[in-house]
Amino acid sequence: MTTGYLLYNSYSERYEIDDIELHCGDCFQVFVDGQWIDTRIELNKNGYYLIGLPNVLLHGLKARI
């Protein structure tokens, strides 16, 4: 399991976790409020978001995949 931070790669226009490029529908976990939460990343006309975590800022969020 790789643990890192969600970072946006402007070249590929995708989020990554420790250089692992994420695609819509990819499942992983994020660390929010002291616990690991299962989620997946999606994209709509407003940008990327996490299923089940609508108000979480993605950039810099601790994550593992």
Side-chain angles (χ1 to χ4, degrees):
M1 186 167 284
T2 298
T3 301
Y5 295 91
L6 277 175
L7 299 174
Y8 186 74
N9 180 327
S10 59
Y11 179 74
S12 66
E13 297 182 345
R14 296 185 183 276
Y15 273 90
E16 299 177 345
I17 301 172
D18 198 28
D19 294 327
I20 298 171
E21 192 173 273
L22 299 174
H23 301 268
C24 290
D26 282 350
C27 297
F28 54 98
Q29 294 180 319
V30 292
F31 196 70
V32 178
D33 295 330
Q35 61 183 338
W36 289 102
I37 300 172
D38 294 326
T39 190
R40 76 176 188 266
I41 196 164
E42 295 292 347
L43 176 66
N44 65 19
K45 64 181 179 178
N46 297 319
Y48 284 96
Y49 64 97
L50 300 178
I51 297 295
L53 300 165
N55 298 319
V56 171
L57 178 65
L58 276 64
H59 190 80
L61 189 61
K62 189 172 185 178
R64 65 185 182 188
I65 189 167

Participant: Tell me, do Val56 and Leu61 make a side-chain contact under 4.5 Å, heavy atoms counted?
Facilitator: yes
Participant: Partners of Phe28 by ring-ring contact (aromatic ring centres under 6.0 Å, His included), sequence neighbours excluded?
Facilitator: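 Phe28 satisfies ring-ring contact (aromatic ring centres under 6.0 Å, His included) with no residue once adjacent residues are dropped.
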Participant: Name all pairs fulfilling the side chain to side chain donor-acceptor pair (under 3.5 Å) condition that reach into residues 28-41, sequence neighbours left out, sorted by first residue then second.
Facilitator: Gln29-Asp38, Gln29-Arg64, Arg40-Glu42
Participant: Does one hydrophobic cluster hold both Leu7 and Leu43, with members joined at side-chain heavy-atom distances below 4.5 Å?
Facilitator: no
Participant: Would you please name every residue forming a side-chain contact (heavy atoms from CB on, under 4.5 Å) with Asp18, sequence neighbours left out?
Facilitator: Thr2
Participant: Which heavy atom of Gly4 sits nearest to which heavy atom of Ile17, and what is that distance?
Facilitator: N-CG2, 4.0 Å
Participant: When hydrophobic residues are tied together by side-chain contacts of less than 4.5 Å, even through go-betweens, does Leu50 share a cluster with Val32?
Facilitator: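 Leu50 clusters together with Val32.
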Participant: State which residues pass side-chain contact (heavy atoms from CB on, under 4.5 Å) with Ser12; sequence neighbours excluded, sorted by chain then number.
Facilitator: Asn9, Arg14, Glu16, Glu21
Participant: Are Ile51 and Ile65 joined in one hydrophobic group, where the rule is that I, L, V, M, F, W and Y side chains link up if heavy atoms are under 4.5 Å apart?
Facilitator: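 Result: no, two separate clusters.
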Participant: Applying ring pair (Phe, Tyr, Trp, His ring centres under 6.0 Å) as the test, list every pair that has at least one member in residues 45-64; sequence neighbours left out.
Facilitator: Tyr15-Tyr48
Participant: Do Leu53 and Ile41 belong together in a cluster built from hydrophobic side chains that touch within less than 4.5 Å?
Facilitator: yes
Participant: Please say yes or no: joined through hydrophobic side-chain contacts below 4.5 Å, possibly via intermediate residues, are Tyr5 and Leu22 part of one cluster?
Facilitator: no
